[in-house]
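Everything numeric in this text was worked out from a predicted model, so none of it was measured.
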Amino acid sequence: MNQVMSQILQKEFNECKEISDGIIDLKMLNVNSWQIVIKGPKLSPYEKGQFFILVEFPKEYPNIPPKFRILNKIYHMNVNQLGCIALNTLKKEWSESIGVKKMLLEILSLFQKPNPQNPLNLKLAQQYQENCSEYYETAQYWTQQFATFIDIKID
């Protein structure tokens, strides 16, 4: 990784720290990957959940977008079984000016309002459109099963 990219990533890392609502933890794992823990938005089926996101930066960043992957199992039409997220700004609409902070805000927004126009899981998108309450109930159950953790304090 060159010095310029390192400076860009440090600047973006600091900008992500400014997101006060939604980010629980932000860590640089190494020079080209971060781990971000977000909390599920209030009034969504993901509320009370903690979702671990791995962000990997290619050598060509910021010319090429980073890869975002949710590491928890999640019931969401815009996230596939590998945790890849369907956002146009991560693909064809990417530009150098977007940055990680904007991507995280878009991901948080996607948790609040799934996008049935850009699903990675067609079955879940169909369920969302035909039986939204069942979709939300299942998403809430999965959040409880795979994204809710109990803090244990040892004295």
Side-chain angles (χ1 to χ4, degrees), residues 9 12-62 64-94 98-154:
L9 288 178
E12 292 203 38
F13 187 82
N14 292 335
E15 288 174 356
C16 289
K17 289 180 180 178
E18 296 170 3
I19 302 174
S20 59
D21 191 29
I23 301 291
I24 295 173
D25 191 31
L26 177 66
K27 292 180 185 164
M28 279 191 189
L29 299 176
N30 56 47
V31 292
N32 63 348
S33 62
W34 300 354
Q35 177 182 284
I36 302 171
V37 183
I38 62 172
K39 61 182 173 182
K42 292 183 183 199
L43 304 176
S44 79
Y46 310 102
E47 185 175 6
K48 298 181 182 171
Q50 296 179 21
F51 298 89
F52 292 79
I53 298 176
L54 179 64
V55 185
E56 297 177 303
F57 299 92
K59 293 177 189 173
E60 301 85 0
Y61 184 81
I64 294 177
K67 292 181 181 172
F68 286 74
R69 199 162 57 91
I70 297 176
L71 302 177
N72 309 58
K73 282 181 76 170
I74 182 170
Y75 195 85
H76 197 294
M77 74 178 80
N78 304 113
V79 180
N80 71 15
Q81 290 178 331
L82 300 175
C84 299
I85 306 164
L87 282 174
N88 288 334
T89 45
L90 284 174
K91 303 276 187 243
K92 57 187 173 196
E93 294 176 14
W94 175 258
I98 291 177
V100 178
K101 180 180 178 180
K102 184 173 191 299
M103 296 307 308
L104 285 174
L105 292 171
E106 286 192 31
I107 291 168
L108 286 167
S109 175
L110 203 59
F111 273 59
Q112 193 72 42
K113 187 171 193 287
N115 181 2
Q117 305 306 314
N118 191 22
L120 285 178
N121 187 319
L122 296 174
K123 183 179 175 186
L124 295 186
Q126 183 178 2
Q127 180 190 33
Y128 178 82
Q129 292 174 326
E130 294 174 0
N131 191 344
C132 195
S133 62
E134 183 180 78
Y135 175 90
Y136 278 113
E137 285 174 20
T138 307
Q140 189 173 37
Y141 175 77
W142 278 45
T143 298
Q144 291 168 351
Q145 292 298 306
F146 305 113
T148 306
F149 305 96
I150 300 171
D151 290 331
I152 299 173
K153 294 184 180 180
I154 301 173

**OP:** Using the side-chain hydrogen bond (donor to acceptor under 3.5 Å, both in side chains) rule, pick out the option among Glu15, Glu106, Glu18, Glu12 that qualifies with Lys101.
**Re:** Glu18
Original post:
Are Tyr75 and Tyr135 close enough that their ring centres sit under 6.0 Å apart?
Top reply: yes
**OP:** To the nearest 0.5 angstrom, please state how far the CE atom of Met103 sits from the CD1 atom of Ile36.
**Re:** 11.0 Å
Original post:
If every non-hydrogen atom of Pro58 is compared with every non-hydrogen atom of Pro66, which pair is closest and at what distance?
Top reply: CD-CA, 3.9 Å
Subject >> CD/Gln81: more than 12 non-hydrogen atoms of other groups inside 6.0 Å >> reply: no
Subject >> Criterion side chain to side chain contact (heavy atoms under 4.5 Å, CB included) on Leu54 and Lys67, from CA distance to verdict >> reply: CA-CA 8 Å; Leu54 179 64; Lys67 292 181 181 172; over 6 Å; no
Subject >> Distance, nearest 0.5 Å, that separates CD of Gln129 from CG of Leu124 >> reply: 11.5 Å
Original post:
Got a second to check how far Ile74's CD1 is from Gln145's CD, nearest 0.5 Å?
Top reply: 14.0 Å
**OP:** Supply the atom-to-atom distance Thr143 OG1 to Phe111 CZ, rounded to the nearest 0.5 angstrom.
**Re:** 8.0 Å
Original post:
Given side chains that start at C-beta, do those of Asn121 and Asn80 come closer than 4.5 Å, heavy atoms only?
Top reply: no
Original post:
Of Asn72, Thr148, Val37, which is the lone residue that meets side chain to side chain contact (heavy atoms under 4.5 Å, CB included) with Gln50?
Top reply: Val37
Original post:
How about Asn30: does its CG atom have over 12 heavy atoms from other parts shown lying under 6.0 Å from it?
Top reply: yes
Subject >> Thr138 side chain to Glu134 backbone, donor-acceptor under 3.5 Å >> reply: yes
Original post:
Can you check whether Lys123 reaches Gln127 side chain to side chain, under 4.5 Å on heavy atoms?
Top reply: no
Subject >> Stepwise side chain to side chain contact (heavy atoms under 4.5 Å, CB included) test for Tyr128 and Tyr136 >> reply: CA-CA 8 Å; Tyr128 178 82; Tyr136 278 113; 3.7 Å; yes
Subject >> Heavy-atom closest pair, residues Tyr61 and Pro65 >> reply: CD1-C, 4.4 Å
Original post:
Just how far is it from atom CG of Leu87 to atom CD1 of Ile98, taken to the nearest 0.5 Å?
Top reply: 10.0 Å
Original post:
Is Met77 close to Pro116 at the side-chain level, that is, under 4.5 Å between some pair of heavy atoms?
Top reply: yes
Original post:
Is any side-chain heavy atom of Leu26 closer than 4.5 Å to a side-chain heavy atom of Phe13?
Top reply: yes
**OP:** Compare all side-chain heavy atoms of Leu9 with those of Phe57 and state whether any distance is below 4.5 angstrom.
**Re:** yes
Original post:
Given the rule in the side chain to side chain contact (heavy atoms under 4.5 Å, CB included) test, do Cys16 and Leu104 qualify, once you have shown the distances and angles that lead to the verdict?
Top reply: CA-CA 8 Å; Cys16 289; Leu104 285 174; 3.8 Å; yes
**OP:** Please examine the side chains of Leu71 and Ile53, heavy atoms only from C-beta on, and report whether any two atoms are closer than 4.5 Å.
**Re:** no
Subject >> Nearest heavy-atom neighbours spanning Pro62 and Trp94 >> reply: O-NE1, 2.9 Å
Subject >> Heavy-atom check, side chain of His76 versus side chain of Leu110, under 4.5 Å >> reply: yes
Subject >> Quiz item: cation-pi between Lys27 and Trp34, 6.0 Å / 45° >> reply: no
Original post:
At their closest point, which heavy atom of Leu120 faces which heavy atom of Cys84, and how far apart are they?
Top reply: CD1-O, 3.2 Å
Original post:
When rounded to the nearest 0.5 angstrom, what distance separates NZ in Lys102 from CD1 in Ile107?
Top reply: 11.5 Å
